[in-house]
Number of protein chains: 2
Amino acid sequence: MRVEISFPMNAKPDSSSVELHGAASHGASAIKSKLRRAITTGVYTHGDRLLPERELAESFKTARNTIRSALQQLEEEGLVVRRAGSGTFVNYIDKLPDPLMDLNDSLSPLQLIEARFAVEPYVTRLAAINATQHDLENMQVLINRLDACGDDKDAFTLLDGEFHEQLARCARNPLLLNFFQQINRIRSHAQWRAMKEEILTPVQIAAYNAQHRKLFDALAQRNVAGAVQIIRDHLEKAKSDLVGADSS
Amino acid sequence: MRVEISFPMNAKPDSSSVELHGAASHGASAIKSKLRRAITTGVYTHGDRLLPERELAESFKTARNTIRSALQQLEEEGLVVRRAGSGTFVNYIDKLPDPLMDLNDSLSPLQLIEARFAVEPYVTRLAAINATQHDLENMQVLINRLDACGDDKDAFTLLDGEFHEQLARCARNPLLLNFFQQINRIRSHAQWRAMKEEILTPVQIAAYNAQHRKLFDALAQRNVAGAVQIIRDHLEKAKSDLVGADSS
DNA sequence: GTAAAATATACCAATTCTGAACCAAAACAC
DNA sequence: GTGTTTTGGTTCAGAATTGGTATATTTTAC
């Protein structure tokens, strides 16, 4: 499987992460972090081949040497294996912590949406109230990157997760953020990946992105009720898309 | 990409994020304090590279010399390491392993209530829809035991947690149940137990138990809207009790 | 007024990034 | 099989970035 991830520089953990500013925002280490995160969160799975170094370089808008430096470090960490003439392959057997491991097996897609229905509207309410100007700037960046990812499903999935996590961050509640991160980790796992392939057509991606932008506008205007309604619509759409794909 | 970190993720929503760019406090020592706080509170984590001195200077609207003076002091404190040609890196190792322990330290009582406001109403909705007869019987037993515990604060706290967990069980959603268990775990920690001592008078216990029973009745009658309203009242009461105890 | 602090500017040295070329191994097309 | 294409592996010189240092001027504090 050829997995595409679109570029960019811009990170966190890490992140993460104000401009007091971002850490590791330049260079090979930033790229290493991004790729590692993509691998450990399940955007790539064991055996997937990464893009060729030359394409990664173009995608990250950096030199091939820089990409190579990042990949070399990932190889030393044992996260990837590289073979001349063949490519760079993910070598990472995902092992979730116990409680989540169990969950991942026993949770149906609808139950996941259900949990999001429980948490996200209230989080959105808090976000609309508490988001700082800086939060909004971060979110703006993510939206632009989402728009830019076109029909690249993997890039969209990763960024969509980051977007919703950033939303949770705006709520200024570490426990709720923690809930969100759990949701994201489950979302990025195997059975969901398959689902994603079914559902995410370019048209759907565009539709989701339109909702992201509307949500951002509502947050920026401190329109609490509006923002909550939009996130409900967003989840409703995700739910109906899911049911549609499931029954087809 | 520049990772933007929202600063006050767990701190009180007071000055921290405002101070970051506040023009009010000039001087190297002020900048040093801000950076140190950013590091020790986890905005930057171990190994992260700070922005280049020149960019920090611009960001703080100050001269590079001033930034350097602040960084030098941080270096003397051992909080950062600087390498010519490379950058300034955070050197701060603190305990991080148990994510929940982490939360327990950084979560304010109000933030916990906030999280419950996010999750419990929807869970109650699902519970009202999905609860089986067997669930209701279990809940009935818990209510009886709650009634029986009189003014025993510890017993009440424990059973109250079980009651809410049973409620979550009725929702038939393992992820939401997991969220609840996390909430309960935090509730049972030291600082919360102390809080309980303040709040839980026999009168309050009786009031909570009355709400438990009303909630049970609504569930038994499949009165979804009613059950949701009762849990909201329940949380609202818990919140105002908390605020009351806090201000006294 | 004086001294300390902050600013502004220029240059140096260490490190990293870039851009390019070429090689070797694997995959592919025929 | 043969030849072509793709892909990682290697090397190198020069540009760009970044902390380190020095000096002079301006502002602030007392």
Side-chain angles (χ1 to χ4, degrees), chain A residues 1-5 7-11 19-35 39 44 47-91, chain B residues 1-3 21-36 39 44 47-91:
Chain A
M1 157 180 195
R2 175 184 168 103
V3 182
E4 310 231 351
I5 187 171
F7 60 89
M9 291 255 348
N10 200 348
E19 239 101 350
L20 209 186
H21 287 331
S25 56
H26 299 79
S29 68
I31 292 168
K32 179 184 66 171
S33 301
K34 264 214 128 19
L35 288 175
I39 291 170
Y44 301 113
D48 279 354
R49 199 197 71 182
L50 268 53
L51 289 182
E53 294 174 351
R54 291 166 179 88
E55 291 184 43
L56 279 177
E58 192 181 357
S59 178
F60 278 95
K61 291 185 170 35
T62 186
R64 187 176 158 220
N65 276 351
T66 306
I67 296 292
R68 284 188 56 76
S69 170
L71 289 179
Q72 185 168 18
Q73 295 175 65
L74 289 177
E75 186 175 34
E76 281 162 9
E77 293 179 22
L79 233 52
V80 300
V81 172
R82 306 154 90 194
R83 287 201 299 276
S86 184
T88 301
F89 299 85
V90 173
N91 180 31
Chain B
M1 131 187 190
R2 206 146 263 182
V3 178
H21 296 94
S25 49
H26 287 63
S29 65
I31 291 170
K32 180 186 65 172
S33 309
K34 290 173 191 169
L35 287 175
R36 178 171 43 216
I39 291 169
Y44 298 111
D48 280 353
R49 198 197 70 185
L50 267 54
L51 288 184
E53 294 174 351
R54 291 165 179 87
E55 289 186 43
L56 279 177
E58 193 181 356
S59 174
F60 279 98
K61 292 187 171 36
T62 185
R64 189 177 156 216
N65 287 7
T66 308
I67 295 292
R68 281 189 58 76
S69 168
L71 289 179
Q72 185 168 16
Q73 295 176 63
L74 290 177
E75 187 176 33
E76 282 161 9
E77 293 179 21
L79 229 52
V80 301
V81 172
R82 305 200 285 176
R83 287 204 304 276
S86 185
T88 301
F89 298 85
V90 173
N91 181 31

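This structure is a prediction, so every number in the text was calculated from the model and none was measured. Just so you know, these numbers use all the heavy atoms, side chains as well, and skip hydrogens, waters and symmetry mates. Here is the naming used below: chain letters follow the sequence lines, and residue numbers restart at 1 for every chain.
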Whole-Å gap separating P (D:dG9) and CD (A:Gln72):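 In whole Å, D:dG9 P and A:Gln72 CD are 9 Å from each other.
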Just how far, in rounded Å, is P of C:dT7 from CG of B:Leu56?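 Value for this atom pair: 14 Å.
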Any [X] side-chain nitrogen or oxygen under 4.0 Å from OP1 or OP2 of [N]:
X       : N      : answer
A:Arg64 : D:dG9  : no
B:Ser86 : C:dA14 : no
A:Arg68 : D:dG8  : no

Within 45 degrees of the axis of the six-membered ring of B:Phe89 and under 6.0 Å from its centre: does B:Arg83 put its NZ or CZ there?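 Geometry flag: set, cation within 6.0 Å and 45°.
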Of A:Arg82 and A:Asn65, whose closest DNA chain D nucleotide lies nearer the 5' terminus?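 Nearer the 5' end of the strand: A:Arg82.
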Could you go through B:Leu50 and B:Val90, starting from their C-alpha distance and side-chain angles, then the distance that decides it, and tell me whether this counts as side chain to side chain contact (heavy atoms under 4.5 Å, CB included)? CA-CA 7 Å; B:Leu50 267 54; B:Val90 173; 3.3 Å; yes
With side chains defined as the heavy atoms from C-beta onward, is the minimum distance between B:Ile67 and B:Thr62 less than 4.5 Å?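 Touching, per the 4.5 Å side-chain cut-off.
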What does B:Arg54 touch in the nucleic acid at a heavy-atom separation under 4.0 angstrom: a base, only the sugar-phosphate, or nothing?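 Base: the residue B:Arg54, judged by heavy atoms under 4.0 Å, touches a nucleobase.
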Taking any heavy-atom pair under 4.0 Å as a contact, classify B:Thr88: base, sugar-phosphate, or nothing.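 Sugar-phosphate contact only.
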Less than 4.0 angstrom from a charged side-chain N to a carboxylate O is my criterion; do B:Arg64 and B:Glu58 meet it?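 Result for this pair is no, no salt bridge flagged.
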